[in-house]
Amino acid sequence: EPEVTQTPSHQVTQMGQEVILRCVPISNHLYFYWYRQILGQKVEFLVSFYNNEISEKSEIFDDQFSVERPDGSNFTLKIRSTKLEDSAMYFCASRTGNGYTFGSGTRLTVV
Amino acid sequence: QQPVQSPQAVILREGEDAVINCSSSKALYSVHWYRQKHGEAPVFLMILLKGGEQKGHEKISASFNEKKQQSSLYLTASQLSYSGTYFCGTVYQNNDMRFGAGTRLTVKP
C-alpha cells in the first residue's frame, strides 16, 4: 500500500537554528498538508498546499514557517529560527479525493 | 472550525461499550475517525461522507448526522487493543481537515 514517508524520524536542534522537515507524499496525490502535535495535545493544522502554492494556513504558520515542493516529489516544511515551543511531532499528509494518508511523523526537539 | 469532541476521556473494562461524539458548528462535508497510540502517528479508521451514512467494521462503527453536523463513533465489546486516543477530523467545503481535541480511551482487563 502506498505510504507517505517522512524524514528524519527524530530531529534535535538548538534554539534559533533552521530545520527542514521532509516528506515524500504519495505520487498521484495532489493536496499536501502539514500538521503538528505538541506532546499530549491535539493534532493542529498548519498548512495546506495545492498546485504549487499554499491554499490555507493557520495562525500557527507565521513568517518563521515556509513550505516548498522543490522537485515534484518532496514536500518540505522549513522553520527558520526554531523556538522551544516548536518542539512537537510534525505530521505530513497527502490526499486525493476524500482519503488522507498521514506519514509516521518527525519528532522535533528544540533545546 | 475545530470540531468539539466528547467525552475527553473514557475508562472501560474489557467487553464494555463506548460512544465518542464529534460535533461541528459549520456544515460538514465529511468526518474522519483516527486512533492514535502513544508515540505513534494517527491511524485511519473510517470516513463518513455527506448523506448520513453509517459505516462499520466488526465492533467499531460510526454514524454521521448531517442535519445536526454530528458524528458518533461506537466501540462495542471493547478489547484491550482499543486503548488509545481517538480523534475526529472534520472536513469542510474547502477540503482541509481539522481535528478535535481527542478522546482518551483506556480499556482495562
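Order of the sequence lines fixes the chain letters, A, B, ..., with proteins taken first and strands second; residue numbering starts at 1 for each chain.
Heavy atoms closer than 4.5 Å to chain B are found in the side chain of A:Q37, but not in its backbone. Only the side chain of B:Q2 comes within contact range of chain A, with heavy atoms under 4.5 Å apart.
With hydrogens and angles left out, the side-chain atoms of A:T76 and A:N74 include no donor and acceptor closer than 3.5 Å. Side-chain polar atoms of A:W34 and A:S48 form no donor-acceptor pair below 3.5 angstrom.
Chain A forms the most heavy-atom pairs under 4.5 Å with one residue out of B:G39, B:P42, B:G89, and that residue is B:P42.
In terms of modelled atom types and a separation under 3.5 Å, the side chain of A:S87 and the main chain of A:V110 share a donor-acceptor contact.
A salt bridge links B:R98 to A:E56: one of the charged nitrogens lies within less than 4.0 Å of a carboxylate oxygen.
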